[in-house]
Amino acid sequence: MSRVILHIDMNAFFASVEQVANPKLRGKPIVVVGASHRTVITTASYEARAFGVKTGMTVPEAKKACPHVILVIGDNRKYTTASTRIMGIFGRYTPLVEVFSIDEAFLDVTHSCLLFGTGEEIARRIKADIKREVGLTCSVGVAPNKLLAKLASDMQKPDGLTVIPPERVSEVMETLPASELCGIGPGLTASLAALGIKTCGQLGRFSASALRTRFGIIGERLRLMGMGVDDSLVSPSDEEDEAKSVGHSMTLTRDTGDKDELSAHLLHLSEKVGRRMRRNNYLGDTVTLTIRYADFRTFSQSMRFKKPINDGMAIFLSAMKLFTPLRLAMKVRLVGVSVSGLVCDPMQVSLFAEDRKRAAVTEAMDMVNDRYGEFTVTWGTLLSRYNHKDVIAPAWRPTGVKRVEY
Amino acid sequence: MRFRIKKDELLKGLSRVQSVADRRNTMPVLSNVLIQSVEGGISITATDLEIGMRGVYAAEVEEPGGITLSARKLYEIARELPSEDVLVESAENNWATIKSGSAVFKFSGLAAEEFPALPDMEGAGFIDMDAHAMRDLIRKTIFAAGDNDTRYVLNGLFMTVSSEAGGMKLTVVGTDGHRLAILAKQADGDASALEETSAIIPKKSAAELKKLLDEGEGSLKMSLSKNHIVFKMDSLYMVTRLIEGNYPNYEQVVPADNDKTVGVDKANFVSALKRVSLLSRERTNAVKFTFDAGKAVLSSQNPEVGEAREEMDADYAGGELEVGFNARYLLDALSAMEQDKVTLLLKDTLSPCIISPVGEEGYRCVVMPMRI
């Protein structure tokens, strides 16, 4: 039986969320940028794209292309909230939702068709739900597998709906440039072109053994991709393997060699790590510190402790054991803290009153921050000299240990 | 140097210091043993700079001197020697030759002068100690001592010695912050010669001392000064650097108002605990107890595996009480107790439980609950 897979891609996600939140931005060219001055354009609204503004441009480049472009500083909390709501809508139609990134997901609705109609009908309902409840538009691709669904969602933007039914697959693939397929980048495109392969049709008919000789084990897969075949399953994130580590890193707004400043960042990161560990009931006994120098040389150091921990201060003090003796070779660009050796928190109560007090304080802080937002209650060090906006990590997920609160 | 020694005597001396000699290789000479000629034989010394241990063994010294050799390699060789008679000889460049039967070993060591001297505590005030009591004190408390990265004081046993009419009182406490064991004992002897009356003895040293005491009854002498504790047993000498710092006020964490008494048969309790904890949540050993008139129900649950439940008789008259414990902590305490019956003193779900054997005064274990 042929599968029915949806790929849903939110249109200009961050910019659209900002336009929904602030009516004054609607219909105008806006770009979302990070808070730091190292930042580039994260997302441009369709109005800005009309002027040639693209993701990845620097602010001066964007202003040159569109002088009246409006800069909006990104607010990650808005995006993760919207994303979580959207992913919730998907859950109404199928439990098989694979969150691909904050604004993209695959849905396997093969068995939902009995309840809700065809893949195309389900796609329309999801689009309507998202428009009505969150105010956003998206492009949906409906196809027999993930490869084609992703391809289809890309075909019409914004607010698109493209169906590639099984019987039309070979027709679509015949003339499609191979470079349009997710997973075939510029390098691979050039190598294929050298073999005389330009379209997917050609790729699908090419000799499997010749592809294997040229590309090794992925040769066979390339040929299948050319034929529009993809057996990979939609794997819901809650079926992912147990987490092996919990970590955070940040690229600094400007490179620095100031150890006091860096240790404030480490405290901030350690708090975030601890918070996420506690939310997921983890303790861990190995703390890793990562440093990336201005020249991108990166190294990590780990230390294993006898007692597993999950409170931010303990993680920070452990990270400082690694950081304090370090002699920085040059200014630092990125710092990261992670904890591994994870075990389930046994919720053991402590014998000494001072330990219980500390646990109670942590618990109270967590409750306040759950309700009023991260870092509502935090260390004084982080208040006085600290104003760092986070970037949403590519690994962000709406549930489980990969959910980071902003 | 050159000496002849019996294989068993050499093995005895080497096996005692195997776990003292440092294998971490921070200072190469510390993974060696120092062998020196002394009156009546040889001495074998090892140290990791925290513990130092020296023993004198019968040997025929033909040429006095000293050498250091790898503690591990020498022990491995000694174990496999073919004959009872062993000849050990060192050459100028710190090479040693070991001959036994038709086997000959040659391997290199380091100069005796490189070996750090053990602190000289001969002048300290030694008192006679009851070896049997000391062994009991360590055995019944050491399991509770911690492995703590930040609170080093918990990585040792806290010992206090006080003079009492007709003898002295010894108290040893171990805790890791989740559970605690206290044993107080009356012993013969006079504590007045000691320089200090309390000490935090590193867990490893206490374990080493217990091993020596396990070898058999002998006379034991002890001295206690600000930084060191020294034990002497016949021809053995062991010196340990103490852990510095203030031990927490342990009396404060032993509750005085636990009013719910549960009496259980120890053997039944231990086997039920072992069974039920098999299905505890991964690595937590969490077991839930529900005490009710005349019985205790033990249960465990692991969402990924399943659940276990067992009901056992208990001498209990209070109202229903639910509390969770780490089964490991209870089993450690119970297996240190010799009596057949034990008493649990409880208060509520989040208060500590006191376990004590019926018939042994002065021995209490305290275990903090888990939130289940």
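Proteins get letters first, then strands, A, B, ... in listed order; numbering begins at 1 in each.
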Within 6.0 angstrom of B:E361 CD, more than 12 heavy atoms from elsewhere: no
Results of side chain to side chain contact (heavy atoms under 4.5 Å, CB included) for B:L278 - residues two or more places apart only: none
Part of B:Y329 within contact of chain A (heavy atom distance under 4.5 Å): side chain
Under 4.5 Å from a heavy atom of chain A, the part of B:S280 involved: neither
Within 6.0 Å of CG in B:D259, more than 12 heavy atoms from elsewhere: yes
Residues of residues 297-307 of chain A with any heavy atom under 4.5 Å of a heavy atom in chain B: A:F305, A:K306, A:K307
A:R356 atom CZ, neighbour heavy-atom count above 12 within 6.0 Å: yes
Heavy atoms from other residues, nucleotides or ligands near CG of B:D257 exceed 12 (cutoff 6.0 Å): yes
Heavy-atom pair with the smallest gap, counting every atom of A:L351 and B:V253: O-CG1, 3.5 Å
A:M347 and B:R281: CA distance, side-chain angles, deciding distance, side-chain contact (heavy atoms from CB on, under 4.5 Å) verdict: CA-CA 11 Å; A:M347 310 297 272; B:R281 245 187 123 96; over 6 Å; no
Whether over 12 other heavy atoms sit under 6.0 Å from B:K169 NZ: no
A:D355 side, atom CG; B:H178 side, atom NE2 - distance, nearest 0.5 Å: 7.5 Å
CD on A:Q348 to CG on B:N285, rounded to 0.5 Å: 10.5 Å
Atom CZ of B:R275 with >12 non-hydrogen neighbours under 6.0 angstrom: yes
Neighbour count >12 (heavy atoms, 6.0 Å) for atom CZ, B:R241: no
More than 12 heavy atoms of other groups within 6.0 Å of B:K185 NZ: yes
Leading residue by heavy atom contact count with chain A [cutoff under 4.5 Å; candidates B:D176, B:T284, B:T150]: B:T284
For the student: nearest non-hydrogen atoms of B:G177 and A:S350, plus distance: O-OG, 3.2 Å
